[in-house]
Asker: 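Dumping the structure here so I can ask a few things about it.
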Amino acid sequence: CIRDRFKASSTVSVAHLHISKIHGSELPPLHINGNPAQAHTQGLLVHQNGFFVTARRDDINPRRSLLLWLSCNPSSKKENCNESKKTWTKIWDITPTSQPATWSGMLDHPGGFDSDGENLWIPISQSRRNGKTIVRKFSIRSLIDKDDATPTESIIINDHIGAIAVSRNPKRLFGANWDTMLAYELSVDGNLIQHYERNRFITNFPNWSIAVQDWKVHEGFLIASGLDKNYKLLASRPRSLIQLINAKTRQISAELRLPRRASGNFTREGMAVFDEHIWLLPDDLQEENKLYRFLFNELLKAKRGDFRVKN
């Protein structure tokens, strides 16, 4: 149990992941109606039934919010299931067809998202800072069995929500706005419980500087993946990081720094937790699409001798 391994502390254990620990595989090319397409990746969820991805289609005008599904068993040890597939199983256009009359601009920006075990909770926003958002709940069973992407619930938020994480116990939604200047805690029926300015969300580190790109609730912890926006960080230093945050106390228990790669940061878009791995989808979807993963234990075994004091 993760909770037993990390107790409340005023210091945070920081580890650095070696590039050799990260394994890559291929996802199918993005083709829509038989034609090559391009979409800006946003969120990733790895599920027993395969891979779900949110993305904004950028090669048409107006741009569209997409949800993609690749059917396979990610736990299979017999084959790399995603590499055996040549096409995405389903691609849904989830762009809302209606919105409040006072809103202007397309809801073309689906964000990082999470599951409560039965449903996907996806924020769909306007593509601008301080834009508006509709968080929509989609039944996984309806998506897979009926090809039905009709949302079963919608929540309106007057902010651009770039990522949603779902807690099952207690039932909560955690939202991060653009660059995570604000974090929101809501009930699953959309009532605001609390919102926090960046310097107040993490109780043991007021200088919290991550811009969350995708986050998930896993065994009572928020697994936050994103980019370090600390202006004091040297340009030559990697900005990719993943943090283990106690969802109840809002304390960081461990932090994992990822290496730089030639084409950008590993944690700049989608992240998922499944089958004892952390999965990353950092690049836009096009003809060639790369998925990365490493053992979740790399985050848990952050070296206790390498502390950064959070004060």
Side-chain angles (χ1 to χ4, degrees), residues 30 32 37-45 53-68 91-114 120-138 149 151 153-165 173-186 190 192 194-201 208-215 224-231 239-240 264-265 267-271 281-286:
L30 179 59
I32 298 177
Q38 294 184 357
H40 179 45
T41 301
Q42 300 292 343
L44 171 69
L45 188 129
V53 175
T54 52
R56 183 189 64 202
R57 188 174 180 187
D58 280 351
D59 62 339
I60 59 173
N61 188 22
R63 300 178 296 190
R64 309 295 292 178
S65 296
L66 302 181
L67 173 63
L68 303 91
I91 301 176
W92 296 279
D93 185 332
I94 58 171
T95 311
T97 56
S98 63
Q99 62 188 49
T102 56
W103 292 8
S104 62
M106 288 284 293
L107 292 164
D108 58 10
H109 191 292
F113 65 108
D114 203 358
L120 304 179
W121 294 78
I122 302 176
I124 308 174
S125 307
Q126 298 163 334
S127 290
R128 64 175 185 264
R129 186 185 295 273
N130 301 322
K132 311 300 185 183
T133 300
I134 297 179
V135 179
R136 291 199 147 166
K137 183 171 74 169
F138 299 89
E153 189 171 335
S154 296
I155 297 170
I156 291 175
I157 300 177
N158 289 314
D159 197 355
H160 176 109
I161 302 300
I164 283 284
L173 302 177
F174 292 93
N177 79 347
W178 191 295
D179 278 349
T180 320
M181 301 307 294
L182 291 173
Y184 293 84
E185 186 177 353
L186 305 101
L192 179 65
Q194 186 63 272
H195 75 275
Y196 308 89
E197 294 183 4
R198 178 201 289 281
N199 61 357
R200 293 185 179 276
F201 182 67
W208 192 50
S209 56
I210 187 175
V212 173
Q213 303 300 307
D214 206 349
W215 57 359
S225 173
L227 303 176
D228 191 342
K229 293 288 187 173
N230 187 342
Y231 70 93
R239 291 187 177 269
S240 295
N265 292 290
T267 58
R268 67 183 182 185
E269 299 300 347
M271 183 277 304
L281 185 59
D283 299 317
D284 290 349
L285 298 175
Q286 46 193 339

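Keep in mind that what you see is a predicted model, and the values were worked out from it rather than measured. For the single chain, residues carry numbers from 1 onward in sequence order.
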Asker: Using only atom types and a distance under 3.5 Å, with no angle test, would you say the side chain of Asp228 pairs donor to acceptor with the backbone of Asn230?
Answerer: yes
Asker: Considering residues, nucleotides and ligands other than Lys229, do more than 12 of their heavy atoms fall under 6.0 Å from its NZ?
Answerer: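 At most 12 heavy atoms, drawn from other residues, nucleotides or ligands, come within 6.0 Å of this atom.
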Asker: Short question: side chain of Arg268, backbone of Pro282 - any donor-acceptor pair under 3.5 Å?
Answerer: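 Answer holds: yes.
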Asker: Flag yes if more than 12 heavy atoms outside Arg129 fall under 6.0 Å of its CZ atom; otherwise flag no.
Answerer: yes
Asker: What closest approach, in Å, do Ile161 and Pro123 show between heavy atoms, and which atom pair accounts for it?
Answerer: O-CB, 3.6 Å
Asker: Please report the interatomic distance CD(Gln194) to CZ(Arg200), rounded to the nearest 0.5 Å.
Answerer: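 Reported value, rounded in 0.5 Å steps: 10.5 Å.
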Asker: Could you grab the distance from atom OG1 of Thr102 to atom CG of Asn158, nearest 0.5 Å is fine?
Answerer: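 Answer rounded to 0.5 Å: 7.5 Å.
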Asker: Supply the atom-to-atom distance Asn130 CG to Ser125 OG, rounded to the nearest 0.5 angstrom.
Answerer: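 Taking CG in Asn130 and OG in Ser125, the distance rounds to 11.5 Å.
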Asker: Do NZ/NE/NH1/NH2 and the carboxylate oxygens of Arg198 and Asp179 come within less than 4.0 Å?
Answerer: no
Asker: At what distance, to the nearest 0.5 angstrom, does CD1 of Ile155 lie from CG of Leu186?
Answerer: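 Those atoms lie 6.5 Å apart.
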Asker: Are any of the side-chain nitrogens in Asp108 or Arg57 under 4.0 Å away from the carboxylate oxygens of its partner?
Answerer: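 Looking at Asp108 and Arg57, the cut-off is not met.
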Asker: Whether the side chain of Thr41 engages the backbone of Ala55 through a donor-acceptor N/O pair (distance < 3.5 Å, no angle test) should be reported.
Answerer: no
Asker: Does a side-chain heavy-atom distance below 4.5 Å link Glu269 with Gln42?
Answerer: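 Glu269 reaches Gln42 side chain to side chain.
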Asker: Could you tell me the separation between the CZ atom of Arg64 and the CZ atom of Arg56, rounded to the nearest 0.5 Å?
Answerer: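 Reported value, rounded in 0.5 Å steps: 13.0 Å.
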Asker: Treating Thr54 as the side-chain partner and Gly43 as the backbone partner, does any N or O pair qualify as donor plus acceptor under 3.5 Å?
Answerer: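 A pair under 3.5 Å: yes.
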Asker: Looking at side-chain heavy atoms only, is the closest gap between Trp215 and Ile210 below 4.5 Å?
Answerer: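 Trp215 vs Ile210: side chains apart.
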Asker: Nearest heavy-atom pair of Asp59 and Ala37: which atoms, and what distance?
Answerer: OD2-CA, 3.2 Å
Asker: Measure from the side-chain N and O atoms of Asp214 to the backbone N and O of Leu44, and report whether any donor-acceptor pair falls under 3.5 Å.
Answerer: yes
Asker: Going by the angle between their ring planes, with limits at 30° and 60°, are Trp208 and Phe201 parallel, tilted or perpendicular?
Answerer: tilted
Asker: What residue pairs, at least two apart or across chains, pass salt bridge (charged side-chain N to carboxylate O under 4.0 Å, His left out) with a residue in residues 95-104?
Answerer: none
Asker: Identify the residue among Ile164, Val53, Leu120 that makes a side chain to side chain contact (heavy atoms under 4.5 Å, CB included) with Phe113.
Answerer: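 Of Ile164, Val53, Leu120, side chain to side chain contact (heavy atoms under 4.5 Å, CB included) with Phe113 is met by Leu120 alone.
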Asker: Quick one: does any side-chain atom of Gln99 pair with a main-chain N or O of Gly105 as donor and acceptor, under 3.5 Å?
Answerer: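 Yes, the answer is positive, given that a donor and an acceptor are paired below the 3.5 Å cut-off.
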Asker: Might you work through the side-chain contact (heavy atoms from CB on, under 4.5 Å) test for Phe174 and Asp114, ending with a clear yes or no?
Answerer: CA-CA 10 Å; Phe174 292 93; Asp114 203 358; over 6 Å; no
Asker: Could you walk me through whether Leu285 and Leu66 satisfy the side-chain contact (heavy atoms from CB on, under 4.5 Å) test, starting with their C-alpha distance in whole Å, then the side-chain angles of each, then the deciding distance to 0.1 Å, before giving a yes or no?
Answerer: CA-CA 11 Å; Leu285 298 175; Leu66 302 181; over 6 Å; no
Asker: Please report the C-alpha distance between Thr133 and Asn177 in whole Å, then the side-chain angles of each, then the deciding distance to 0.1 Å, and finally whether the side-chain contact (heavy atoms from CB on, under 4.5 Å) criterion is met.
Answerer: CA-CA 10 Å; Thr133 300; Asn177 79 347; over 6 Å; no
Asker: So, do Arg136 and Pro96 sit near enough that their side-chain heavy atoms are less than 4.5 Å apart?
Answerer: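 Yes, at least one pair of side-chain atoms sits under 4.5 Å.
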Asker: Counting N and O atoms only, with roles assigned by atom type, does the side chain of Glu185 sit under 3.5 Å from a partner on the main chain of Ala183, one being a donor and the other an acceptor?
Answerer: no
Asker: At what distance, to the nearest 0.5 angstrom, does CD1 of Ile94 lie from CG of Leu68?
Answerer: 9.0 Å
Asker: My understanding is that only residues two or more places apart in sequence, or in another chain, count here; which of them pass ring-ring contact (aromatic ring centres under 6.0 Å, His included) with His160?
Answerer: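 Expected list: His109, Trp178.
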Asker: Is there side-chain contact between Leu30 and Gln286, with at least one heavy-atom pair below 4.5 Å?
Answerer: no
Asker: Is a side-chain donor or acceptor of Gln126 paired with a backbone partner of Ser104 at a separation under 3.5 angstrom?
Answerer: yes
Asker: Take Ile156 and Trp103 through the side-chain contact (heavy atoms from CB on, under 4.5 Å) test and state the conclusion after the steps.
Answerer: CA-CA 11 Å; Ile156 291 175; Trp103 292 8; 3.4 Å; yes
Asker: Quick one: does any side-chain atom of Thr267 pair with a main-chain N or O of Gly226 as donor and acceptor, under 3.5 Å?
Answerer: yes
